[in-house]
Amino acid sequence: VPIRHTLALLGIVVVVCVSIGAANPAFLSIGNVFDLVKSSVTLGILAVGLLVVLVSGGIDVSFPAIAAACMYVTCTLALRAAWLDHMVLLLAIAMTLGMALGCANAALISFFRLPALIVTLATASVIRGAVLEFVGTRNITNLPSAMIAFSRLSLWDRPTPGGDASGLTFSLAFLIAAAVLTAAILRGTVVGRGIYALGADASAAERVGFNLRRIHFVVYGLMGGLAGMAGLIHASTIRNANPKDLAGLELTVIAAAVIGGASLTGGRGGVAGTLLGVALLVIVTRSLLLVGVPPEWNAVVLGLLIIVSTTVTALQSRRHPTEGIR
Amino acid sequence: VTGARGQLWRLLGFAAAAFVIMTIATRGVLLTASNLESMAFQFPELALLSLAMMLAMLSGGIDLSIVSVANLSGIAAALTMTRVSAAHGGWPAAAIFGAGLAAALGCGLACGALNGVLIGVVGVPPILATLGTMEVFFGGALAWTHGQAVVGLPDWLQLVGNGSFAGAPIPLWVFLAAACVVAVLSSWTVFGIESRLVGANPLASWFSAIPVRSVLIRTYVASAGIASVTGVLMVARANSAKADYGTSYLLQSILVVVLGGVNPAGGTGRVFGVGVAVIALQALGSGFGLLHFSSFARELAWGAFLLVVMVANWWFDREQ
């Protein structure tokens with residue numbers, strides 16, 4: 001991504017924050033900011049994972065199904081076997097399961113040369129159906145105690161004038177870790193450069209010696225692992241493991257990554273831009289009430305945000321009339 | 001057998017296998033007249049939306065906004081019909097229905113034109129343009145109705161959605177008519193051929209003096225037009241209109257279209273294949289329902305069916 005795009009996006013986020021804050025000072029209160037952070041963590045982790053897929057020129061619509069499956073299976077296991085009830089173990093289980101499911105996607109895409117959109121559409125349907133048919137359909141509200149303890153952890157507590165402390169959620173550390181790890185892989189490793197090369201031109205990448213199959217496994221495996229992490233954190237944040245949860249989130253996450261400058265044709269996109277895209281999306285859609293817009297307009301505002309940002313990108317990058325027709 | 005013809009034969013084989021297995025498993029209940037009739041009432045909604053999706057995919061794009069367009073158009077039709085019948089109670093049913101249909105089509109064509117302009121003129125990738133308009137149309141419908149269902153429709157409307165004509169359910173007739181129109185449009189008209197060529201290679205089409213912009217606009221208008229007819233049908237079946245009705249149809253319609261042999265990259269595909277795919281999936285779903293499996297098992301089976309068909313196609317075409 002040209003640094004210009006990221007800086008412009010940062011400028012837009014700042015302008016939006018200042019204007020909402022001017023319209024309603026409650027927006028800039030510590031409590032509200034902490035709430036916004038809390039509700040961005042799941043979306044942020046998923047968007048960082050999807051960014052890697054988009055950079056490689058692929059797409060994944062199965063990650064909400066993977067996240068829901070990992071979260072629900074892990075919670076079910078932990079409630080049956082009490083010795084699993086440690087956050088580290090739970091995360092390890094969820095992320096391993098997610099990685100395995102992601103690698104199944106990679107295998108289908110890479111061995112059978114099938115289009116990623118269609119493969120992940122099919123696996124999403126299989127994963128969701130299998131969990132609901134064979135594992136269970138009921139919400140788990142009595143979560144494993146490690147997850148409840150995790151949701152109470154905070155990075156930083158700040159007492160508010162009202163008396164009750166509002167904390168900065170500890171799960172933010174996981175978003176930061178995921179972002180730093182992903183940025184390091186993308187920028188600093190051979191595989192990471194291979195991901196950009198694959199997205200920019202697959203046959204050129206193959207000719208210079210990149211192992212495309214291995215890159216596919218890294219990309220979709222990482223997406224799956226991050227989806228597992230996001231699913232578990234999501235369940236612990238809302239204190240409820242719902243196997244039908246997160247459906248439809250794929251389109252919102254794609255929107256966040258694209259607002260952040262990732263290109264659906266591959267080869268372009270960065271972690272910083274993606275996080276700014278998530279921030280803009282969360283800030284705008286969650287602050288409508290604060291500026292007096294009824295929440296039923298949420299979807300319209302989200303849609304306009306997508307249309308405006310993609311229109312600007314299309315007009316900027318247009319050199320030929322058929323560009324973007326793909 | 002390789003290539004597109006081979007794919008179609010294999011799909012017919014898989015569909016026949018689905019029918020035979022489900023007939024045996026349900027001890028023949030699948031093929032009783034009453035079950036076939038209920039299937040014929042159920043599948044036309046998804047089938048019509050799949051035709052809309054197919055038109056976009058043939059041109060190398062995708063239309064994620066079809067379900068939102070269907071619901072927005074359905075709401076426009078429902079509100080028009082309730083208001084017209086309240087204001088002019090003496091009007092014949094056909095006139096009131098015509099007014100509702102016209103409102104739905106007007107709404108759908110406007111939505112399609114917006115999609116077409118964003119994709120064809122501005123140059124936004126189809127998946128992103130229609131992702132944005134999907135949210136805007138859905139949100140518009142939600143804000144318009146405040147999230148409530150539109151009810152109080154005239155009684156005769158149910159006859160359109162749940163009645164029969166000449167021995168077959170009216171929704172089935174609507175689907176058959178739309179399938180004929182789309183088949184002729186996409187294979188026998190200049191517009192249809194041009195749309196396929198744009199899907200096969202937009203740059204070559206541009207250099208061949210094909211009016212790429214206008215073809216894309218017309219493609220998305222046609223897609224939205226079919227979606228708005230579907231919206232009226234959904235209103236007539238449910239006897240109400242709601243902003244979030246049938247949202248699961250979106251991904252299912254992509255599944256049906258790809259299963260039916262339409263190339264997701266554009267250019268090739270036939271209405272016949274899409275019809276076979278939707279009937280095969282309906283047979284699988286109906287069979288699972290008769291065997292008292294949950295709707296989740298159906299979802300699993302549909303995804304697995306798509307994977308099996310695609311891997312089989314890869315296996316037979318792998319030499320090429």
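Just so it is clear, the values below take in all heavy atoms, side chains as well, and ignore hydrogens, waters and symmetry mates.
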Point-to-point distance, once rounded to the nearest 0.5 Å, from CG of Leu251(B) to CD of Glu250(A): 6.0 Å
Between Ser125(A) and Glu299(B), is there a donor-acceptor pair closer than 3.5 Å when you use the side chain of the first and the backbone of the second? yes
Of Leu315(A), Thr311(A), Ile307(A), which is the lone residue that meets side-chain contact (heavy atoms from CB on, under 4.5 Å) with Val124(B)? Thr311(A)
When the 4.5 angstrom heavy-atom criterion is applied to Phe134(A) and chain B, the contacting part is side chain
If I measure from the heavy atoms of chain B, does Val258(A) come under 4.5 Å with its side chain, its backbone, both, or neither? side chain
Looking only at heavy atoms, the pair that brings Gly139(B) and Ala299(A) closest together is CA-CB, 3.6 Å
Smallest separation among heavy atoms of Ile306(A) and Glu135(B), with atom names: CD1-CG, 4.4 Å
Rounded to the nearest 0.5 Å, what separates atom CG in Leu121(A) from atom CH2 in Trp302(B)? 12.0 Å
Contact part of Phe293(B) toward chain A, heavy-atom cut-off under 4.5 Å: side chain, backbone, both or neither? side chain
Looking at every non-hydrogen atom in both residues, tell me the closest pair between Leu306(B) and Ala122(A) and how far apart they are. CD2-CB, 3.7 Å
Report the residue from Val258(B), Val257(B), Leu307(B), Leu259(B) that forms a side-chain contact (heavy atoms from CB on, under 4.5 Å) with Ile118(A). Val258(B)
Can you tell me how far the NZ atom of Lys244(A) sits from the CZ atom of Phe296(B), to the nearest 0.5 Å? 4.5 Å
Taking every heavy-atom pair that is under 4.5 Å apart, which of Ser294(B), Gly132(B), Ala129(B) has the most such pairs with chain A? Gly132(B)
Please indicate whether Arg270(B) has more than 12 foreign heavy atoms, meaning atoms of other residues, nucleotides or ligands, lying under 6.0 Å from its CZ. no
For chain B, the option from Thr137(A), Leu132(A), Leu304(A) that forms the most heavy-atom pairs under 4.5 Å: Leu132(A)
Determine, stepwise, if the pair Val300(A) / Phe137(B) fulfils side-chain contact (heavy atoms from CB on, under 4.5 Å). CA-CA 7 Å; Val300(A) 175; Phe137(B) 300 153; over 6 Å; no
Take Val136(B) and Leu302(A), measure what side-chain contact (heavy atoms from CB on, under 4.5 Å) needs, and give me the verdict at the end. CA-CA 7 Å; Val136(B) 171; Leu302(A) 172 62; over 6 Å; no
What closest approach, in Å, do Phe112(A) and Trp314(B) show between heavy atoms, and which atom pair accounts for it? O-CD1, 3.0 Å
Can you tell which of Val131(A), Val308(A), Ile59(A), Thr310(A) has the highest number of heavy-atom pairs within less than 4.5 Å of chain B? Thr310(A)
Is chain B contacted by the side chain of Leu108(A), its backbone, both, or neither, given a heavy-atom distance below 4.5 Å? side chain
One should read off an interatomic distance between Ile62(B) CD1 and Leu117(A) CG, to the nearest 0.5 angstrom, of 5.0 Å
Assess whether atom CZ of Arg113(A) is packed by more than 12 heavy atoms of other residues, nucleotides or ligands within 6.0 Å. no
By a 4.5 Å heavy-atom criterion (distance strictly below it), what part of Leu118(B) contacts chain A: side chain, backbone, both, or neither? side chain
Ser248(B): what forms a side-chain hydrogen bond (donor to acceptor under 3.5 Å, both in side chains) with it, not counting sequence neighbours? none
